[in-house]
Structure formats: C-alpha cells, structure tokens
Amino acid sequence: MRLASHAAAAVVVVCTATLAACTAAPARPPVVRVQEAHGGLAAEVERVPDAALRATYRPGCPVGPDRLRLIRMNHWGFDGKVHRGELVVHERVVRPLLRVFGKAFDARFPIRRMRSAAAYDGDDARSMADDNTSAFNCRQVTGDPGRLSRHAYGDAVDVNPLENPYVDRGGTPHPAAGRPHLRRDRPAPGMIRPGDVVTRAFEEVGWHWGGGWSNPDYQHFSATGG
C-alpha cells in the first residue's frame, strides 16, 4: 500500500480507451523556490520547459533537456530598478551561479537583460546585440564555427555583451556596437573588470573569465575555462 502511494506520487498515469493502454509518464517537478543567502534574488528553479529551449537545442547536442534547469531570479537593471530574469543552465551549476548572481545583486551590479537564448531563436549575434545575458545555447563558437561552444554544455554564461565584447581571431568585436568598450580603461556601468565583484564572485566558485585570453572574451565565464 505504501509502495503504491509512493508510485502514485512519482508518476502521472495517462490512459486511453482501456486499462491495458495506460502508460506511466514522469510527473513534471514543481517550481522550487531556492533558499539562498542572497534573498533578494528570489530565485526559482525548474526543469527547463520547451518554450525556454526551442531553437537552442536539437538532437545530438552534448547535453539533453533532462539535465538542464531554468533559473528565474531578480537582477538590477541599468535603470536602477529590479527586474526578473532567466537563465537556462546545466543542473550541476545552479548552486554556484546563484552564489555569483546573488553577490552581483547585493552589489547592485547592473544587468541590461537576462533572457533565454530561445527568445532570439538561438541566434547569438541577435542576443549579444540586445545586450542580453544568457547561458545555454547549443551552438558553435561565434567567429570560430569549427568549435563547439561551452554554452552547448550549459556551463558558461555571457554577461552584458555590449559592455563586455568578445574579440574573435580576426580581431572583430562581437557585438559590433561593443567596439567602444574595447577600451577597458574607461569604466562604464555593467562593464566587467579584473578584481571587481563579478570576477571575484566567479573566481570564488572556481569559474574562469575569458577577459585575459589572447582573443579576449570579456563577457564570458565558464566552469571549465573554455
């Protein structure tokens, strides 16, 4: 009896015309309100819904939807107000990223917008041009199409791309409108700099910043250094 009750809680039973045609499908886990030290985030985590994936995922990608999570959390905007954002990430990096963005929130570090790359149909150029902070996107490296990006694994995040452009092997900045911010000696809101609250927070959880690469990627942080 106890076993039957446990099973009923774990699955949703879907029946057609006869009992023999019944199939058991996994119940969708509820949204989980995360208790973290930085309560201002008001973070919620759930299995990633289809609407947050769309063109960012296809069969053959290195990480499947079952290993991805959607984080909804607050962040400060450039207008000095709190906004609700979302990131799609690998399940194993949820906790460290909540620590990072919690510290950024406490410091009132501004983030222009935070939307799933699916809102841009998986087009990284469009996402960067919109100054969008994002994570999972099963794609090649922008400006180097022969390599799969760490974003395809869900353990990399790009923060404020306009203020923190990426410079490809040919010397082209992405997004193009970010060219003025290649001068890193001119601090601006949302710009990431060595030793600031964002780089320190990522370092504390063992993540790596692309700002020191030979082809700098000032917006990019990853768990593996890639």
Looking at every heavy atom in both Leu182 and Pro173, which two are closest together, and how far apart are they? CD1-CB, 4.1 Å
Flag the pair Arg84 and Glu44 as a salt bridge only when some basic side-chain nitrogen lies within less than 4.0 angstrom of an acidic carboxylate oxygen. yes
So do Val63 and His90 actually touch side chain to side chain, heavy atoms under 4.5 Å? yes
Under a plain distance cut-off of 3.5 Å, with no hydrogens placed, do His83 and Asn74 share a side-chain donor-acceptor pair? no
Evaluate side-chain contact (heavy atoms from CB on, under 4.5 Å) for Val88 paired with Thr56, printing each intermediate quantity in order. CA-CA 10 Å; Val88 176; Thr56 67; over 6 Å; no
Atom of Arg184, atom of Pro165 and distance for their closest heavy-atom approach: NH1-CD, 3.8 Å
Salt bridge check: are Arg47 and Glu91 linked by an N-O gap of less than 4.0 Å? no
Backbone N/O of Asn164 and side chain of Gln219: donor-acceptor pair under 3.5 Å: yes
Do the charged groups of Asp130 and Arg113 touch, with an N to O distance under 4.0 Å? yes
Once rounded to the nearest 0.5 Å, what's the spacing between atom CG of Asp131 and atom CE of Met114? 11.5 Å
With a 4.0 Å cut-off on N to O distance, would you call Asp79 and Lys81 a salt bridge? no
Flag side-chain contact, heavy atom, 4.5 Å: Trp213 against His208: no
Give the intermediate values and the outcome of ring-ring contact (aromatic ring centres under 6.0 Å, His included) for residues Phe202 and Trp209. CA-CA 8 Å; Phe202 274 107; Trp209 182 38; 9.8 Å; no
Answer yes or no: is there a side-chain heavy-atom contact under 4.5 Å between Pro161 and Ser134? no
Applying side-chain contact (heavy atoms from CB on, under 4.5 Å), run through Phe105 and Val100 and close with a yes or a no. CA-CA 9 Å; Phe105 184 88; Val100 168; over 6 Å; no
Side-chain donor-acceptor contact under 3.5 Å, Thr199 with Asp196: yes
Test of understanding: with salt bridge (Lys or Arg N to Asp or Glu O under 4.0 Å), list the residues that count as partners of Arg92, not counting sequence neighbours. Asp155
Looking at His181 and Ala188, what are the two nearest heavy atoms and their distance? CE1-CB, 4.0 Å
Please answer: with hydrophobic residues joined when any side-chain heavy atoms are less than 4.5 Å apart, are Tyr120 and Ile111 in the same cluster? no
Between Ala152 and Phe136, the two heavy atoms sitting closest are O-CE1, 3.2 Å
Closest non-hydrogen atoms of Ala52 and Ser116, given as atom of the first, atom of the second and distance, are O-OG, 2.8 Å
Quick one: does Arg112's side chain get under 4.5 Å of Asn132's, heavy atoms only? no
Heavy-atom check, side chain of Leu162 versus side chain of Met128, under 4.5 Å: no
Nearest heavy-atom neighbours spanning Pro65 and Val48: O-CG1, 3.6 Å
Quick one, Asn160 and Ile192 - any side-chain contact, counting heavy atoms below 4.5 Å? no
Are side-chain heavy atoms of Glu163 and Pro189 found at a separation under 4.5 Å? no
Check the hydrophobic clustering (I, L, V, M, F, W, Y; side-chain heavy atoms under 4.5 Å; chains of links allowed) and say if Tyr218 and Val141 are grouped together. no
Before accepting this row, confirm whether a basic side-chain N of the pair Arg139/Asp123 lies closer than 4.0 Å to the acidic partner's carboxylate O. no
Check for a donor-acceptor pair, side chain of Arg99 on one end and backbone N or O of Val205 on the other, with a separation under 3.5 Å. no
Above 12 or not: heavy atoms from other molecules or residues under 6.0 Å from CZ of Arg179? no
Trp207 side chain reached by Thr224 side chain, heavy atoms, under 4.5 Å: no
Does a donor on one side chain sit under 3.5 Å from an acceptor on the other, for Asp124 and His151? no
